[in-house]
*Asks:* 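One structure, pasted below without further comment.
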Amino acid sequence: MGFLDELKSTAKTELDAAKKAVKTGQLKAELNDLKRLEQEAFADLGRAAADAQGLEAFGEHGKKVSDIRQRIAAKEAEIKESEAKTQ
């Protein structure tokens with residue numbers, strides 16, 4: 001095998017490896033998109049269940065959400081108060 005044949009072979013091997021890496025990257029991106037969609041679906045499911053049954057039905061998980069909602073409300077009130085002072 002001559003130098004040019006070896007060079008072609010090496011280039012083909014490198015190109016094949018690059019194509020495989022690109023394909024793997026695409027597959028991983030698609031997997032991440034699917035996982036994000038799953039998380040969004042679970043969040044929607046959880047909201048629907050909490051709306052239907054109330055947060056209390058979910059024990060510590062419901063209490064955690066309730067606590068976070070209270071903190072959100074307090075922070076929103078704080079922002080509103082801060083904006084009122086600057087007007």
Side-chain angles (χ1 to χ4, degrees):
M1 193 185 258
F3 174 74
L4 289 178
D5 290 333
E6 287 181 33
L7 186 59
K8 287 180 186 178
S9 177
T10 300
K12 182 181 180 332
T13 300
E14 292 297 321
L15 182 58
D16 288 345
K19 285 180 183 179
K20 286 178 184 176
V22 168
K23 179 66 175 176
T24 300
Q26 289 172 333
L27 291 170
K28 287 180 178 181
E30 290 172 11
L31 176 61
N32 287 336
D33 287 344
L34 289 170
K35 286 181 177 182
R36 180 186 49 78
L37 289 172
E38 179 189 39
Q39 286 179 334
E40 290 173 5
F42 266 116
D44 291 343
L45 177 65
R47 280 186 194 91
D51 288 345
Q53 297 183 20
L55 289 175
E56 305 81 29
F58 296 93
E60 285 299 312
H61 297 293
K63 183 177 179 345
K64 184 176 180 179
V65 171
S66 181
D67 291 346
I68 292 169
R69 285 181 176 175
Q70 288 175 3
R71 291 171 50 201
I72 289 170
K75 193 59 66 178
E76 288 173 340
E78 189 177 340
I79 290 169
K80 187 175 180 180
E81 181 181 322
S82 176
E83 289 174 342
K85 288 180 181 179
T86 60
Q87 294 177 357

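Heavy-atom basis, side chains included; hydrogens, waters and symmetry copies ignored.
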*Asks:* Working to the nearest 0.5 angstrom, can you tell me the gap between D16 CG and K12 NZ?
*Replies:* 4.0 Å
*Asks:* Measuring from atom CD of E14 to atom OG of S9, what distance do you get when rounded to the nearest 0.5 angstrom?
*Replies:* 10.0 Å
*Asks:* May I ask you to test the F58-Q53 pair for a side-chain heavy-atom distance under 4.5 Å?
*Replies:* yes
*Asks:* Pick from R69, K63, H61: which one makes a side-chain contact (heavy atoms from CB on, under 4.5 Å) with V65?
*Replies:* R69
*Asks:* Donor-acceptor check, side chain of T24 to backbone of K20, threshold 3.5 angstrom: yes or no?
*Replies:*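 Confirmed, T24 side chain pairs with K20 backbone.
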*Asks:* When you check the gap from the basic side-chain N to the acidic O, do E76 and K80 get nearer than 4.0 Å?
*Replies:* no
*Asks:* Calculate, to the nearest 0.5 Å, the distance between atoms CD1 and CG belonging to I72 and D67 respectively.
*Replies:* 11.0 Å
*Asks:* Let me confirm one number: the CD-OG distance from E60 to S66, rounded to the nearest 0.5 Å.
*Replies:* 11.5 Å
*Asks:* With side chain to side chain donor-acceptor pair (under 3.5 Å) as the rule and sequence neighbours excluded, what pairs involving residues 30-41 come up?
*Replies:*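 Every pair satisfying side chain to side chain donor-acceptor pair (under 3.5 Å) with a residue in residues 30-41: R36-E40.
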*Asks:* Show your working on side-chain contact (heavy atoms from CB on, under 4.5 Å) between K85 and E81 and close with a plain yes or no.
*Replies:* CA-CA 6 Å; K85 288 180 181 179; E81 181 181 322; 3.4 Å; yes
